[in-house]
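Letters go in sequence order (proteins before strands), and every chain restarts at 1. Below, each value reflects all heavy atoms present in this structure, side chains not excepted, and no hydrogens, waters or symmetry copies.
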2 protein chains.
Amino acid sequence: MGTIRLTPELLHIIAERFKAIGEPARLQILDTLREGERTVTELVDETGLGQGNVSKHLQLLHTLGFVTRRKEGLHVYYAVADRSVFKLCDIMCGRLEAETSARRKVLAAR
Amino acid sequence: MGTIRLTPELLHIIAERFKAIGEPARLQILDTLREGERTVTELVDETGLGQGNVSKHLQLLHTLGFVTRRKEGLHVYYAVADRSVFKLCDIMCGRLEAETSARRKVLAAR
DNA sequence: CCACTATATTGCCATACAGTCATTTAGTGG
DNA sequence: CCACTAAATGACTGTATGGCAATATAGTGG
């Protein structure tokens, strides 16, 4: 028969995660971490975002399990917890391409 | 060498999409559409959301290319534009499972 | 203990937006 | 033309939250 619906609870949890990465600043942070772990200061420098701002975003990303945290002296190193985030981005990009080519097709058909 | 960074523009576009599905109501609508196309009224009934509310969410989902729209008399039928949305959910769920089992491991290790 | 650097936290403001209600628009039948 | 139903739109409100500036906390070296 039909596919199973998501429970309201799971629905909220999933939405929360998507919302977390549905934010340019956080996505930018994750994208920067794509190349390897970074300290907060490095992230501030590379993203151009404010320090407190980066710190807050990192807290959220860490709480939701998107990044890992490693303390070493004065520095705190953050890294992407699991590459599946990028898989998500790739699929979303694939969607974009599909959209774009569909739009091209529509335009061409005139 | 390192991976290519996303352009700020693409970053915003992708974030916008994730944000769109990072909303319980919209995710619920998409989940309902998983079983096939639905009219607005049907979606209202099956989700329990308000009519105007559903309509507005559908506008957004349609603008971003997540759903298609088909007009037939008084009714407007909406459907999922491409199943990749569910793929995204599956991956996100996979992440959740990984998280949960990791947490279990931590708890067990005490 | 003090000065310094890195990170986290807090308070504040402005904005975005989900939800609700009311209204409008569109299509249908009598 | 009118009554009815479906869907879209607009006004309004409350809440959530991103960004910023200031401050607090923590770790290090002198």
> Please tell me if the side chains of B:E46 and A:R5 come closer than 4.5 Å, counting only heavy atoms from C-beta onward.
yes
> I want to check something: taking the side chain as every heavy atom from C-beta on, are B:H75 and B:R70 in contact at a cut-off of under 4.5 Å?
no
> Salt-bridged, A:D90 to A:K87, with N to O below 4.0 Å?
no
> Rounded to whole Å, please give me the gap between CD in B:E23 and C1' in D:dT15.
12 Å
> State which residues pass side-chain contact (heavy atoms from CB on, under 4.5 Å) with B:P24; sequence neighbours excluded, sorted by chain then number.
A:L11, A:H12, A:A15
> So, does B:Q59 use its side chain to make a donor-acceptor pair with the main chain of B:S55 at under 3.5 Å?
yes
> For D:dT17, does either OP1 or OP2 sit under 4.0 Å from a side-chain N or O belonging to A:K19?
yes
> Taking only N and O in the side chain of B:R69, is any of them less than 4.0 Å away from OP1 or OP2 of D:dA8?
yes
> Between C:dT5 atom C1' and A:E42 atom CD, what is the distance in whole Å?
14 Å
> Please list, in numerical order, the residues of residues 71-82 of chain A that have a heavy atom closer than 4.0 Å to any atom of DNA chain C.
A:L74, A:H75, A:V76, A:Y78
> Any side-chain heavy atom of B:F18 within less than 4.5 Å of one from A:L88?
yes
> Short of 4.0 Å, heavy atom to strand atom, which residues of residues 46-62 of chain A count as contacting DNA chain D?
A:N53, A:K56, A:H57
> Hey, is the side chain of B:R26 poking within less than 4.0 Å of OP1 or OP2 on C:dA18, counting only N and O atoms?
yes
> Between the side chain of A:R38 and the main-chain N/O of A:L43, is any donor-acceptor distance below 3.5 Å?
no
> Please examine the side chains of B:V80 and B:F86, heavy atoms only from C-beta on, and report whether any two atoms are closer than 4.5 Å.
yes
